[in-house]
Each structure stands twice: as structure tokens, then as C-alpha cells.
Amino acid sequence: MKLNIVAAAIGVTLLAGCNDDTNTVIETVEVIVEPTPVTSVKNVILMIGDGMGAQQVGLLEEYARRAPNSIYNEQGNTTALTKLGMAGDLGLSLNAPAGANGSLVVDSACSATQLATGMAAGSEMIGLDDQGNIVATILEKAKAAGKATGLVSDTRITHATPAAFASHQPHRSLEAEIAAELISSGNVDVMLSGGARVFLPSDIKDNAAQQALMAELGAPSSVYKKSKRKDERNLFIEARDDHGYSLAFDGEQLDKLESDKVLGLFANSGMDDGIAYSACKADDSCTQPSLAEMTQKALDILSADPDGFFLMIEGGQIDWAGHDNDAGWMLHELLKFDEAVAAVYEWVKERDDTLVVVTADHETGSFGFSYSRNDLPEAQQLSGDGMQGRDYKPNFNFGALTILDRLYAQTGTFPDMRAEIEAGSGYENATGAEWAEAVNKYSDFKLNENEAASIAEREINDYYVEGHSYLSATEFPKINDFKEFYVYGDEIHSDLIGRALAKYQNVVWGTGTHTAAPVPVYAFGPKGVTSGFSQMQHHVDLGQKMMAALLPE
């Protein structure tokens, strides 16, 4: 903004002639003063749509704007992401492991570490640089500067993305160690997520005394049903008694909490998926807090700190749906994430002391809508004067908008469909007819027995690795092309469901893992801060820019 100042007090004295008469003329001078740009903020909110590339954003926007029965029809068909983008700045970010020994494709641990530290990191490391050194994260630096801090995720609090902001481990799989580090470090004031299984003693399944203790704390049995620890530590008790955390295990408990230090874990592993959330929201039966509700609670708590705060919010199951090549599930996860973005936007839209960055750690699945030779359109007569008597008949099927509604109509995830098989004949014995029945129970797109037969096929694993967490199985679901990029054992049956349904959905998938596609960056806040995000950059740069804004030297 420019300030126009009329400088009437500036006099210009003109001497006329050689006598003592002096004529003083006051001139009006317009002085253009550039205000000092705002380059720092009190608060930073980082939102990560895990697996949310530009393609996934496209799915969300197409549904919101053009699905005949879009849930956004009464909201101007405008997503919160669009509102944030229109009010702020947009850019793109590369995300592969950086540095001299970098690689082409990133995993969530490395990507989140690069965002958290502003430094190159190695694959599958947590909070370490590419040489394996412990590096302070933006969250830890914010805490050291006297700010409040928080982590929110709909996966597990010890999962790769949240873990990278507040722990330091050589591998992302060390979730029991991450859990202990999160509560003992004192660096995170608010933690809201799933993942109770690594906070529970190893014998929780059979230890009646520990079960009674968890029930007394208010935890439903679904939260403490099993443990992934190898020791007898109950980190909930340690968090409460030794580190001052208030505990919450369901939405009602969280809502009632009045504390500045909260550990809320609402599921044994990941929280409810997006389809389950859409269903319980519709009939008002949700017991877990939504991603938006966890976000709002974290904002309420952290914003009470006069020194400001850092908050990371992850919509993590967009990635899980992408790995499974499940477009219907992915749509519901995007809707859940956008609801959280809306909560942040409402909180921040009138403020000038906060930077909001919304991005992804990477794209998952190489997803896209595509035109095909299946179900070619019928000829139509159009009234336009340029048709010259010809029918309108495209050569290919470019995808009906009703597909968007039918994706939304899916009532269960591909893992739900797999669970039907696991409870019945099992993967080794299931027939095409059984797979068709399992898929058709939840999908609005129906398969016949022959179409579903490919889901049942299995083969010898050519990539067997003894002791590998996924590749040690001798038998794998059969993928006929790009099979090297489908890696997750029996979970690959989900990807085969995606392939079988693809022709009806006008959907294509390229992988069961991640791609190196640049991801969107939405930045909202003072222009002096956000304009620097409106470019092609790297996640290392994003981390450095957020730290420079929140913690200026």
C-alpha cells in the first residue's frame, strides 16, 4: 500500500529581484512513501495434505464445482482451498530428497523432515539431515523461542509426517521410540491424532489391571485393544503424571478439556477414514473428533499463548487412499481435509499476524481422470448454427460428470472390501465371484465375476527379500504391468480393485507408491511473507521460508 502525503509544510523560498522584497511561495508536493513490508509473523500454521498432488486437488475441485449433487452446492461450489488461494498466493514445490546424495522420489518421513528443518534429508529418516545428524525443527525452534506448539493428524501421532516435526530417529518405523520421545521432550504442547497402540504396555490385550486403568482414564476399548510396544511402559500415565498432559480419548472429552497441554489419541491406529466420517457426520453419530474439530481445538489452545505458536495439521489418509488406488475413498479424504482448511481460513482470514501454508509432502498414485474407448457416447443433435447438420458424437468417452457423484456414493474403502475376503475364503482361495460380491457391496460401480477375476490372481514374488516388512512373502497379488511399483504385499489387492473399476470411473493410476510431481503450495498471510511462496521452489526452501517468517533473526 502507498501513502500519499501532502507536504504543505515544505516551503520553497524564492528570491525575486535584487531588493529586500522576498516572495515566499508554498508549493504542494506529493511524497510517495512505501510502507515497510511485513516480513515476519507471530504464528505459522502448516497444513499437509499427504499425497495431495495437483491431480488430487483437481478431483476435489471438479467434485465441488461440477458434481450434480455436490455437497458444495449450497456453498457457492467453492472449496476452502480455493478461498485460501484467491486471498493469498499460489506456487509449486519440488519435494524429492535433496542434497548431493539425493534421489528422485520422496517418502513422507524425508519430505516432512525437509519441511520441518529446511535441510536435505534422507529417505525414511525422521528429523535427521541427509548425513544422519539430528537437526532442530521449526517446531522445536518455536518452542525454544517461547511459542506454543501443536501437531494434529488423522493418521497416528507417531506416523512419519507428525513425527518428523518433533522427534529424531534413524527410521520411521520406530514408532514406539517416537512416542516416548514426543511426550518426554516437552516440545509439543498439543498432540491430537490416532496411534494409541505405541503408547500402551505390551500386554494390554491380556492385562486386566491395565485395561481397567485405561477405562478409568475414559478410553473406549477400541483405543486400547492392542499394543505395538515391546515393554511394559504405559505412556499415557507417564504423559499425565510426569509431563503434565491432560488426556482425551473421544470428541466429547476433547471438547470439555481446558488445558494448555493436551494429548488426545482417538484410535488404536489410524482414525476413522473419510467415508466413515462422511457417514457418521450425516447421521450425527461420530464419536471421534473430526480433523476440523481437532484443528479448531488446537487453535483455541495454542492461540492463548501471547508469544504465538507453530501448528502442523496433516490430512494423512489422502495418501492411504492413493496407495490403494481408491478414488472414492480419496475424494472423501480430500473433503475431510478441506473442512479442516475451512476451519483454519475462518480463524485466520481477518488476521495479519499469521502465515498459513497448505501443501503436500508428495503425490501418491499418479492419479488422473482420462478419456477412453469404453462406453462411447451416443450421437446427439445440437442446436448450434455451426453444426452444419452433423450429429455431435465425440470419438471417445471423456467422462460424465455423474461419475463424481458416484465416487462420492461409495460406502466403504477398498480395505473394507478386502476385509470381506479376509473374513471369508482368504486371499489365496477367493474367487472372482467372491471379489465381485465384496466390491459391489460398497461401490456404486459394479463388477461381474469375470471382471473381478483379475483381483483374485496371485503369483510368485520375483522380488522376495528375506526379513523385508513387505517383500518377504513368497506369493504376491498378480500385477501384469508396472508391477515393480506395487510393493505392499496383500494390500495390492486394493490396487487391483482400482484397476477393475477404472474403466467405469474414467480413472487411471500409474503406481501404488509415490511420484515426483511438484505439489501445490497455498500461502496466506501478510504479502511481504506470502509473495515469496509464489514460485517454483523445493520443500527445503519452504522450510527455510517458514522459519524466516516465524523466527526472524
Side-chain angles (χ1 to χ4, degrees), residues 51 103-110 123-124 160 171-173 175 228 269-270 319-327 329-330 362-368 374 412-443 445 447-505 507-516:
S103 49
L104 288 175
V105 186
V106 78
D107 80 296
S108 294
C110 174
S123 297
E124 301 182 349
H171 196 271
R172 59 183 289 175
S173 64
E175 292 192 47
K228 286 283 188 176
S269 183
D319 171 71
W320 294 2
H323 278 295
D324 276 9
N325 291 181
D326 187 339
W329 178 15
M330 193 166 70
H362 51 73
E363 191 274 339
T364 302
S366 191
F367 163 82
N374 179 63
T413 65
F414 289 0
D416 291 328
M417 300 172 192
R418 290 190 356 244
E420 298 282 327
I421 300 299
E422 289 174 322
S425 299
Y427 295 130
E428 294 83 2
N429 302 310
T431 65
E434 289 171 314
W435 275 108
E437 182 179 1
V439 171
N440 296 345
K441 179 177 178 178
Y442 298 103
S443 175
F445 303 91
L447 298 178
N448 61 41
E449 178 179 349
N450 290 334
E451 290 171 322
S454 61
I455 307 172
E457 292 187 58
R458 297 174 70 81
E459 65 180 358
I460 297 300
N461 176 17
D462 295 339
Y463 293 90
Y464 175 86
V465 177
E466 185 176 357
H468 193 287
S469 56
Y470 289 103
L471 301 182
S472 59
T474 57
E475 189 179 69
F476 245 44
K478 184 178 180 181
I479 295 281
N480 290 315
D481 57 355
F482 295 106
K483 71 178 182 180
E484 292 78 8
F485 302 94
Y486 290 84
V487 300
Y488 292 114
D490 285 334
E491 295 176 28
I492 296 170
H493 284 295
S494 286
D495 303 291
L496 291 169
I497 296 171
R499 289 183 173 217
L501 291 174
K503 70 178 183 180
Y504 299 114
Q505 298 175 338
V507 161
V508 293
W509 299 90
T511 181
T513 61
H514 302 165
T515 70

**Message:** Can you tell me how far apart CG (L501) and CD (E451) are? Round to the nearest 0.5 Å.
**Reply:** 9.0 Å
**Prompt:** Within the side chain of E363, is there an N or O that forms a donor-acceptor pair under 3.5 Å with the backbone of S366?
**Reply:** yes
**Pairwise side-chain contact, D326 with W320, heavy-atom cut-off 4.5 Å (strictly under)** = no
**Complete:** Scanning both residues in full, the closest heavy-atom pair of H514 with D319 reads NE2-OD1, 3.4 Å
**Asked** With the threshold set at 4.0 Å, does a side-chain nitrogen-carboxylate oxygen contact exist between E459 and K478?
**Response** no
**Request:** Identify the two heavy atoms, one from W509 and one from G322, that lie closest to each other, and give their separation to 0.1 Å.
**Result:** CZ3-O, 3.8 Å
**Prompt:** Do R172 and E124 sit within salt-bridge range, that is, some charged N less than 4.0 Å from a carboxylate O?
**Reply:** no
**Request:** Can you see which heavy atom on A456 is nearest to which on G432, and at what distance?
**Result:** CB-N, 4.4 Å
**Request:** Check step by step if side-chain hydrogen bond (donor to acceptor under 3.5 Å, both in side chains) holds for T515 and H362.
**Result:** CA-CA 7 Å; T515 70; H362 51 73; over 6 Å; no
**Request:** For the residue pair S494 and R418, confirm or rule out a side-chain donor-acceptor distance under 3.5 Å.
**Result:** yes
**Item:** Sub-4.5 Å side-chain heavy-atom contact between L471 and F476
**Value:** yes
**Message:** Ignoring hydrogens, what is the shortest heavy-atom contact between D490 and P477? Give both atom names and the distance.
**Reply:** CA-CG, 4.0 Å
**Asked** Taking it one step at a time, do M330 and F367 satisfy side chain to side chain contact (heavy atoms under 4.5 Å, CB included)?
**Response** CA-CA 10 Å; M330 193 166 70; F367 163 82; 3.7 Å; yes
**Message:** Within this structure, what is the OG-CD distance for the pair S269 and E175, rounded to the nearest 0.5 Å?
**Reply:** 7.5 Å
**Prompt:** Do D324 and T413 pass the side chain to side chain contact (heavy atoms under 4.5 Å, CB included) test, and can you show the C-alpha distance, the side-chain angles, and the key distance before you say yes or no?
**Reply:** CA-CA 9 Å; D324 276 9; T413 65; over 6 Å; no
**Asked** Of the non-hydrogen atoms in C110 and S123, which two are nearest, and what is the gap between them?
**Response** CB-CA, 3.9 Å
**Asked** Measuring from L447:CG to E437:CD, what's the distance to the nearest 0.5 Å?
**Response** 12.5 Å
**Item:** Atom pair CZ (F485) and CD1 (I492), whose distance is rounded to the nearest 0.5 Å
**Value:** 13.0 Å
**Asked** Taking it one step at a time, do K441 and M417 satisfy side chain to side chain contact (heavy atoms under 4.5 Å, CB included)?
**Response** CA-CA 8 Å; K441 179 177 178 178; M417 300 172 192; over 6 Å; no
**Message:** side chain to side chain contact (heavy atoms under 4.5 Å, CB included), that's the test. Do T513 and Y486 meet it? Break it down for me.
**Reply:** CA-CA 7 Å; T513 61; Y486 290 84; over 6 Å; no
**Request:** Evaluate the side-chain proximity of W435 to L496: yes if any heavy-atom separation is below 4.5 Å, no if none is.
**Result:** no
**Message:** Tell me every residue that passes side chain to side chain donor-acceptor pair (under 3.5 Å) with K228, counting only those two or more places apart in sequence or in another chain.
**Reply:** none
**Asked** Is the backbone N or O of K503 less than 3.5 Å from a side-chain atom of N374, with the two atoms forming a donor-acceptor pair by type?
**Response** yes
**Request:** For N461 and A473, indicate whether the former's side chain and the latter's backbone hold a donor-acceptor pair under 3.5 Å.
**Result:** yes
**Asked** Is it true that atom CD of E422 has more than 12 heavy atoms of other residues, nucleotides or ligands lying nearer than 6.0 Å?
**Response** yes
**Message:** Any side-chain to backbone donor/acceptor pair from N325 onto T511? Under 3.5 Å, distance only.
**Reply:** yes
**Item:** Set of ring-ring contact (aromatic ring centres under 6.0 Å, His included) partners for Y442, sequence neighbours left out
**Value:** none
**Message:** Within a 6.0 Å radius of atom OH on Y464, are there more than 12 heavy atoms belonging to other residues, nucleotides or ligands?
**Reply:** yes
**Request:** Would you check if the side chain of E434 reaches a backbone N or O of T431 as a donor-acceptor pair within less than 3.5 Å?
**Result:** yes
**Request:** Verify, without hydrogens or angle tests, whether H323 (side chain) and G512 (backbone) share a donor-acceptor contact under 3.5 angstrom.
**Result:** yes
**Item:** Residues D462, K483: salt bridge by 4.0 Å N-O rule
**Value:** yes
**Request:** Please state whether the rings of Y427 and H493 are parallel, tilted or perpendicular, taking 30° and 60° as the class boundaries.
**Result:** parallel
